[in-house]
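These numbers come from a predicted model, not from an experiment. Chain A is the first sequence line, chain B the second, and so forth, proteins listed ahead of strands; every chain is numbered from 1.
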2 protein chains.
Amino acid sequence: MTPSDSIETVIEQFAALPTIGRKTARRLAFHLLRQSEATVEAFAKSLVRMRAEVRECDVCKTFTDRERCGICSSEKRDRSIICVVEEPGDVLAIERTNEYRGLYHVLHGALNPLDGIGPEEIRIKDLVARLDGSVQEIILALNPNVEGEVTTQYIARLVAPLGIRSTRIARGVPIGADLEFADDATLARALEGRTTI
Amino acid sequence: MTPSDSIETVIEQFAALPTIGRKTARRLAFHLLRQSEATVEAFAKSLVRMRAEVRECDVCKTFTDRERCGICSSEKRDRSIICVVEEPGDVLAIERTNEYRGLYHVLHGALNPLDGIGPEEIRIKDLVARLDGSVQEIILALNPNVEGEVTTQYIARLVAPLGIRSTRIARGVPIGADLEFADDATLARALEGRTTI
């Protein structure tokens, strides 16, 4: 029994978000009830504003509030290389490394035939359309799971006839992890991908 | 670098909520960007509506959308006993046990002299005002920490001259827990509070 329908509605909406269970949802609702009406209204407004303003970049399909995102419109990026990722959040993750100066392409998903997600459901056509003569390498940085693997193989095969080099990011033991606790599949990939010192 | 100021604002607002770190905040913002505008608008509206509609019950101070909450206005509750808790969420937790049929009183906090939270800052006066001849017992169900303990002692001393019985909920090993991993303080309380079988 929740004390009010309007609290119950908010709890259900919070609980529908990823990583938030019913207990946390209840805590968040009660937290907002302790904030000023102005604070809650500002939060609500930002959500609506974000959803209304943000769109996909015309080129790389990442989230942006302009026609073309900051990376695609930057003069400083290397246009001969495109890093393909599944989600806009992956772009931020790679940018944080400060190791990459090329462009991106966001697929908004990965191939998953069991869930009916084929090449038409993700932004693969848009990627192929970008592959004019200037692109020399595609780095596939998809999630290290079955869907990511299927998508990686699919795209690599697709671009092979175009004479573009396909690479993939290394799979191995994560930095800071304990070798003893690494799973078999990760260790197998780490051995397979060993490099000369 | 976040791709849009409006996303950054939402991430910051999510991260200001309890239990949500920056990583989860980012994930929630991106999740909402994948929902329809109508869904996001409905979520925003519910937040504002909840904050506008919900108030404290005139009697027990829990959150409700009426002058008097469902429990305080129910004919079926035992009016001779009041369970004192820190937060509205604690009322829900105790209600879920289906073991309690009395009334509640929500303090909206606990005494914490270091943080400047004295008796005037929480709803202690309102509790005392409820103690007419009909109340025979007060159950103190505050959090098992220093603040809860101080508040428990304070209220017990306050109501003693009124001839009202003060009780507290048992402190001991939680059901399902492993005795081996219980902390010393909990075990000490469990021993102290042992009952005859």
Side-chain angles (χ1 to χ4, degrees), chain A residues 1-14 16-20 23-24 26-57 62-66 69-71 87-89 91-93 95-96 108, chain B residues 1-14 16-20 23-24 26-57 62-66 69-71 87-89 91-93 95-96 108:
Chain A
M1 194 211 75
T2 318
S4 145
D5 285 348
S6 58
I7 301 181
E8 184 58 33
T9 306
V10 167
I11 291 175
E12 274 166 22
Q13 286 165 324
F14 268 126
L17 300 178
T19 78
I20 297 186
K23 235 173 178 167
T24 304
R26 201 181 299 128
R27 193 165 162 190
L28 295 175
F30 284 151
H31 172 86
L32 289 178
L33 283 169
R34 279 191 292 271
Q35 308 307 305
S36 70
E37 282 200 56
T39 302
V40 175
E41 277 163 18
F43 179 37
K45 223 173 186 168
S46 315
L47 295 175
V48 173
R49 188 184 141 223
M50 173 186 81
R51 184 60 189 77
E53 278 184 13
V54 174
R55 39 164 290 165
E56 289 178 16
C57 168
T62 198
F63 289 140
T64 176
D65 49 11
R66 289 175 284 174
C69 77
I71 294 171
E87 300 294 342
V91 172
L92 301 190
E95 283 297 288
R96 278 198 300 277
H108 288 275
Chain B
M1 194 213 75
T2 317
S4 145
D5 285 348
S6 59
I7 301 182
E8 184 58 34
T9 306
V10 167
I11 291 175
E12 273 165 26
Q13 285 166 325
F14 267 126
L17 300 177
T19 77
I20 296 186
K23 232 171 179 170
T24 304
R26 200 180 302 129
R27 192 164 163 190
L28 296 175
F30 284 153
H31 172 85
L32 290 178
L33 283 170
R34 278 189 293 268
Q35 309 306 305
S36 71
E37 282 200 56
T39 302
V40 175
E41 277 164 18
F43 180 37
K45 222 174 187 170
S46 314
L47 295 175
V48 173
R49 187 184 140 221
M50 173 186 80
R51 184 61 188 78
E53 277 185 13
V54 174
R55 37 164 292 165
E56 290 179 14
C57 167
T62 198
F63 289 140
T64 175
D65 49 12
R66 290 174 286 174
C69 77
I71 294 171
E87 300 295 343
V91 172
L92 302 189
E95 283 297 289
R96 277 197 300 276
H108 287 275

Top of [options] for chain B proximity - count of heavy-atom pairs under 4.5 angstrom:
options: A/Leu28, A/Thr64, A/Thr9; result: A/Leu28
options: A/Lys45, A/Arg55, A/Glu87; result: A/Glu87
options: A/Val91, A/Leu32, A/Asp65; result: A/Asp65
options: A/Cys69, A/Cys57, A/Ser36; result: A/Ser36

Contact origin within [X] toward chain B - heavy atom pairs under 4.5 Å:
X: A/Gln35; answer: backbone
X: A/Glu53; answer: side chain
X: A/Ala16; answer: backbone

Side chain, backbone, both or neither: which part of [X] has a heavy atom under 4.5 Å from chain A?
X: B/Thr62; answer: neither
X: B/Thr39; answer: neither
X: B/Arg51; answer: both

Contact summary for [X] and [Y], nearest pair of heavy atoms:
X: A/Ala42; Y: A/Ser46; result: O-OG, 2.7 Å
X: A/Pro88; Y: B/Arg34; result: CD-NH1, 4.5 Å
X: B/Ile7; Y: A/Met50; result: CA-SD, 3.8 Å

Inset, instruction - Kindly compute the distance separating NE2 (B/His31) from OG1 (A/Thr19), expressed to the nearest 0.5 Å. - result: 10.0 Å

Inset, instruction - State the CZ-OG distance between B/Arg49 and A/Ser6, to the nearest 0.5 angstrom. - result: 5.0 Å

Max heavy-atom pair count under 4.5 Å with chain A, selected residue of [options]:
options: B/Ala44, B/Pro18, B/Ala29; result: B/Pro18
options: B/Glu41, B/Arg26, B/Glu12, B/Arg66; result: B/Arg26
options: B/Leu33, B/Leu47, B/Ile20, B/Val48; result: B/Leu33

Legend entry - Test item: A/Val10 and A/Phe30 side chains (from C-beta on) under 4.5 Å apart, heavy atoms: no

Legend entry - Sub-6.0 Å ring centroid separation between B/His108 and B/Phe63: yes

